**Q** 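Take a look at this one; I'll ask things after.
Keep in mind the model is a prediction, meaning the values are calculated, not measured. Each ligand, and each atom within it, is numbered from 1 in the order the structure gives.
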Amino acid sequence: MRKDFLPFSKPSVSEDAIADVCDSIRSGWLAMGPKTVDFEAKFAQYVGSKFAISVNSATAGLHLAVMALVEPGDEVITTPMTFASTLNAIIYSGAVPVLADIDPLTLNIDPKRLEEKITAKTKAVIPVHFAGRPCDMDAIEQIAKKHDIAIIEDSAHAMGSVYHGRKIGAGRGARHIAVFSFHPTKNMTTGEGGMITTDDEKAADRMSVQRQNGMDKGAWNRFGAKGKSHYDIFVPGLKYQMMDIQAAIGRDQLKYLDEFNKRRAQIVARYDEAFASVQGLTLPAAVEEDCTHSWHIYTPLIESSETGFTRDEFMEKMKQYNIGTAYHYQAVHLFSGYAKITGLKKGDMPVAEAIGEKIVSLPLFPAMTDQDVDDVIEAVQTVCK
Ligand SMILES: Cc1ncc(COP(=O)(O)O)c(C=O)c1O
């Protein structure tokens with residue numbers, strides 16, 4: 001058994017990034033500034049969007065996106081297989097969250113269930129590319145067009161994912177936005193941080209102003225040698241900017257993203273091969289042709305009727321072998337706060353509820369050595385024997 005604990009996720013930050021962070025600190029310009037602007041340009045180029053707006057988390061980005069496209073009282077449909085942020089962004093915009101159950105194979109929102117939930121009040125859908133597997137965007141875009149609703153892709157897991165030849169986050173016209181997360185467990189990090197991408201100029205203007213208290217100029221444009229200190233407030237905003245300290249890490253991480261994702265895919269291929277013969281594990285489904293999965297997380301299902309133990313017991317057993325695991329997610333409407341708001345109860349989202357009881361995330365990060373991968377495989381094989 002390995003001596004040290006293997007966490008389920010760990011970021012890889014280069015010495016160049018650390019040096020660039022120090023440079024920001026020494027320069028005296030720590031907050032949003034030239035490095036943030038540079039990171040945004042590089043990010044827009046990477047995904048293929050006209051605009052990239054950096055923020056201090058994907059939670060903030062989702063909030064700005066919902067506020068840009070939705071009015072208080074509107075309904076916004078999303079998936080129950082997501083993190084709290086997706087719902088919080090809807091609720092804090094004064095909109096009403098409506099959930100549509102997931103597809104049992106992809107674990108993404110089921111377009112058929114989504115269309116069933118559309119009412120005259122529906123103004124947007126937030127598909128979540130769960131684990132980095134692209135949602136069925138052709139179907140979702142068709143539904144959105146038919147019912148004239150906006151799309152906000154929660155792409156927190158989908159850095160580098162490709163859907164039918166185009167990157168997740170690539171510009172898709174008006175009322176279509178994508179939001180990424182750079183939390184340290186994600187495929188690339190800035191510590192905390194996020195990025196919004198869109199081709200919608202009106203929404204982009206509003207979101208970039210609203211992320212800095214609604215001011216038409218950031219400190220970056222006011223305090224420099226050529227800056228003017230007067231500013232206007234177009235619209236009440238929030239304090240959601242990214243700092244140059246974060247952007248220094250982010251622009252370096254972006255250079256390595258494809259390499260990181262390649263390593264993630266290699267590890268997944270080894271897991272798939274080793275676990276194919278393990279009874280009681282249902283492995284993630286193969287990705288659709290012409291799509292790339294970014295493998296933010298690797299999430300087999302523990303079939304307790306075959307293993308004789310539950311997912312939680314599996315996690316405890318893995319800990320005894322010094323292997324960390326996590327789980328993403330409990331169906332979100334089962335949290336007490338959301339049960340009240342959505343009016344949903346156990347039994348209302350049967351697919352997501354069943355998956356939420358079985359799903360587990362095994363260690364997956366680019367710095368894992370082949371020995372780390374062997375250790376996970378051995379532990380899983382022993383636990384499930
Ligand atoms: C699906 C999803 N959406 C949104 C978020 C929020 O990201 P952040 O932590 O950057 O606010 C997360 C974070 O884990 C997530 O998994």
**Q** In ligand 1, which numbered atoms sit nearer than 4.0 Å to a non-hydrogen atom of Tyr329?
**A** 1 (C), 15 (C), 16 (O)

**Q** Distance under 4.0 Å to a non-hydrogen atom of Val128: what atoms of ligand 1 satisfy this?
**A** 1 (C)

**Q** Are Asp258 and Lys167 ion-paired here, with the side-chain N under 4.0 Å from a carboxylate O?
**A**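 A salt bridge is absent here (no side-chain N lies under 4.0 Å from a carboxylate O).
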
**Q** Any Lys/Arg nitrogen of Arg175 or Glu141 sitting under 4.0 Å from an Asp/Glu carboxylate oxygen of the other?
**A**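 Here Arg175 does not pair with Glu141 in a salt bridge, since their nearest N and O are not under 4.0 Å apart.
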
**Q** Heavy-atom distances under 4.0 Å are what count here, so tell me which part of His328 touches ligand 1: side chain, backbone, both or neither.
**A**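 Near ligand 1, His328 shows nothing, with every heavy atom at 4.0 Å or more.
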
**Q** Out of Ala156, Ser85, Ala84, who gets a non-hydrogen atom closest to atom 2 (C) of ligand 1?
**A** Ala156

**Q** Is the positively charged end of Lys317 above the ring of Phe309, judged by distance under 6.0 angstrom from the centroid and angle within 45° of the axis?
**A**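 Yes, a cation-pi geometry.
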
**Q** Could you list which atoms of ligand 1 come closer than 4.0 Å to a heavy atom of Thr82?
**A**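 Under 4.0 Å from Thr82, ligand 1 has these atoms: 1 (C).
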
**Q** State which residues pass salt bridge (Lys or Arg N to Asp or Glu O under 4.0 Å) with Lys146; sequence neighbours excluded, sorted by chain then number.
**A**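 Salt bridge (Lys or Arg N to Asp or Glu O under 4.0 Å) list for Lys146, sorted by chain: Glu115.
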
**Q** Could you tell me how the ring of Phe182 sits relative to the ring of Phe39: parallel (under 30°), tilted (30 to 60°) or perpendicular (over 60°)?
**A**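 Phe182 and Phe39: tilted rings.
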
**Q** What do we get for Thr59 next to ligand 1 when only non-hydrogen atoms under 4.0 Å count, side chain, backbone, both or neither?
**A** both

**Q** Just grab all the side-chain hydrogen bond (donor to acceptor under 3.5 Å, both in side chains) pairs involving residues 89-102, residues at least two apart or on different chains.
**A**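 The answer is none; no pair qualifies.
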
**Q** Please say whether the positively charged group of Arg2, taken as NZ for Lys or CZ for Arg, lies over the ring of Tyr321, i.e. under 6.0 angstrom from the six-membered ring centre and within 45 degrees of the axis.
**A**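 Arg2 over Tyr321 ring: no.
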
**Q** Can you pull out the closest protein heavy atom to atom 4 (C) of ligand 1? Residue, atom name and distance to 0.1 Å, please.
**A** Asp154 OD2, 3.6 Å

**Q** Does any N or O of ligand 1 fall below 3.5 Å from an N or O anywhere on Ala58, backbone included?
**A**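 Yes, Ala58 has an N/O under 3.5 Å of an N/O on ligand 1.
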
**Q** Nearest heavy atom to atom 13 (C) of ligand 1 wins, so pick from Lys186, His129, His296.
**A**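 Going through Lys186, His129, His296 one by one, Lys186 has the nearest heavy atom to atom 13 (C) of ligand 1.
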
**Q** Check ligand 1 against Gly193 and write out every atom of the ligand that is under 4.0 Å from a heavy-atom position of the residue.
**A** 10 (O)

